[in-house]
Structures are given as structure tokens and as C-alpha cells.
Amino acid sequence: MIPDYLRDRWEAKQKREELLFLADNGGGYPEALSLPGMDVESRRLALRVMRFRVREEYEMPIEILKPSTPDNLEPWVRLTNNVAVNLANGFVSRTKRRKLYGR
């Protein structure tokens with residue numbers, strides 16, 4: 001049984017593991033980032049609570065075939081573990097990179 005003083009850390013750990021599992025298995029919408037009423041800043045806060053760190057911030061087009069205009073871009077972050085997170089809707093994914101020997 002998890003002691004009361006560790007309950008918040010336990011819940012954050014479970015949310016973190018769900019996010020990583022989805023990211024590694026084709027992507028998805030973890031519950032912690034898909035709650036009703038969440039916005040960009042609340043998703044940033046949720047990532048911090050789960051102890052993730054942001055490596056870079058960037059924007060991606062909402063619709064690939066349309067030009068990159070300010071109204072066609074969504075904010076994304078790449079975490080230090082190479083997970084990409086769409087801050088607009090909570091979608092997560094991770095691509096496996098091949099390791100190059102000697103680099």
C-alpha cells in the first residue's frame with residue numbers, strides 16, 4: 001500500500017509511464033494530457049509534474065498540405081527523452097533513432 005505522503009508522487013509516476021508507453025507504441029493521447037478544458041499551459045504544467053524536461057519547442061502545421069501560416073501552426077515540445085508532445089491536443093509520440101557508431 002502506498003503511504004499517503006507518497007500518493008502524489010505515485011500518481012505522477014503512473015501518468016508518466018502511461019505517456020511513455022503510448023509514445024513508444026505508435027503514439028496516443030495520455031489521460032493526463034487529454035483532460036477536458038486543458039490548454040497549452042496546463043499541459044506544460046502536467047509535463048513538469050510528471051518530471052519531464054523540455055529539450056526544444058517548435059511549431060508544426062495543423063494541415064500538412066496548407067502553407068505554414070500562424071493560424072495553421074500548433075505548438076509542440078520535444079522532451080529530453082525524445083518524446084514529442086503536441087501541446088494543442090496532448091498527442092504524444094516518439095520515433096526511434098538509429099545509433100550511429102563512432103558518434
Side-chain angles (χ1 to χ4, degrees):
M1 182 166 161
I2 304 297
D4 288 339
Y5 71 94
L6 291 175
R7 188 148 317 275
D8 289 342
R9 284 185 58 194
W10 172 246
E11 289 173 8
K13 178 76 171 169
Q14 287 177 309
K15 291 174 183 177
R16 179 184 175 94
E17 292 303 316
E18 177 193 10
L19 187 150
L20 293 173
F21 179 82
L22 289 173
D24 287 338
N25 289 281
Y29 296 89
E31 184 178 349
L33 299 180
S34 302
L35 298 172
M38 288 191 90
D39 61 2
V40 170
E41 290 308 315
S42 58
R43 287 188 179 93
R44 285 181 195 274
L45 178 60
L47 291 170
R48 279 196 298 270
V49 168
M50 290 183 273
R51 298 181 179 199
F52 287 112
R53 293 178 293 151
V54 173
R55 176 185 299 161
E56 69 174 316
E57 297 186 27
Y58 57 99
E59 293 180 325
M60 293 285 293
I62 298 168
E63 296 182 46
I64 301 299
L65 298 178
K66 289 189 174 181
S68 294
T69 61
D71 60 334
N72 189 36
L73 296 175
E74 287 181 324
W76 285 71
V77 293
R78 181 160 324 278
L79 306 176
T80 55
N81 59 6
N82 215 28
V83 170
V85 180
N86 182 331
L87 295 175
N89 61 26
F91 183 80
V92 299
S93 65
R94 176 164 42 187
T95 56
K96 302 286 185 195
R97 291 188 180 177
R98 293 188 316 182
K99 291 184 179 180
L100 299 176
Y101 295 100
R103 289 188 183 199

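Everything numeric in this text was worked out from a predicted model, so none of it was measured.
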- Close side-chain approach of Leu73 to Pro61, heavy-atom, < 4.5 Å: yes
- Taking every non-hydrogen atom, the tightest pair across Val92 and Pro30: CG2-CD, 3.8 Å
- Check against side chain to side chain contact (heavy atoms under 4.5 Å, CB included), Arg9 and Ile2: CA-CA 10 Å; Arg9 284 185 58 194; Ile2 304 297; over 6 Å; no
- Minimum-distance pair of heavy atoms, taken over all atoms of Trp76 and Glu74: CD1-O, 3.3 Å
- Query: Given the rule that I, L, V, M, F, W and Y join up when any side-chain heavy atoms are under 4.5 Å apart, are Val83 and Phe91 in one cluster?
  - Reply: no
- Message: Distance check, rounded to the nearest 0.5 Å: Leu79 atom CG versus Met50 atom CE?
- Response: 9.0 Å
- Task: Return each pair, listed once, that meets ring-ring contact (aromatic ring centres under 6.0 Å, His included) where at least one residue sits in residues 36-55; pairs must be two or more places apart or across chains.
- Result: none
- Note on the structure: Nearest heavy-atom approach of Ala46 to Ala32 is CB-O, 4.0 Å
- Item | Hphob cluster co-occupancy, Leu45 + Leu19, side-chain heavy atoms under 4.5 angstrom | no
- Closest contact, heavy atoms only, Thr80 versus Arg55: O-NH2, 2.7 Å
- Query: Under a single-linkage definition using a 4.5 Å side-chain heavy-atom cutoff for Ile, Leu, Val, Met, Phe, Trp and Tyr, are Leu33 and Val40 assigned to the same hydrophobic cluster?
  - Reply: yes
- Atom CG in Asn86, atom CE in Met60: separation rounded to 0.5 Å? 9.5 Å
- Rounded to the nearest 0.5 angstrom, the CZ-CG distance for Arg94 and Asn82 is 7.0 Å
- Item | For Arg44 against Val77, the heavy-atom pair lying closest together | NH1-CG1, 4.1 Å
- Salt-bridge present (Glu17, Lys13; N to O < 4.0 Å): yes
- Chi angles and distances behind the side chain to side chain contact (heavy atoms under 4.5 Å, CB included) call for Leu87, Leu47: CA-CA 10 Å; Leu87 295 175; Leu47 291 170; 4.2 Å; yes
- Item | Lys/Arg-Asp/Glu bridge criterion (N-O < 4.0 Å) met for Glu18, Lys15 | no
- How many angstroms lie between CZ in Arg7 and CE in Met1, if you round to the nearest 0.5 Å? 6.0 Å
- Task: Check Tyr58 against Ala84 and note the closest heavy-atom contact, atom names and distance.
- Result: OH-CB, 3.6 Å
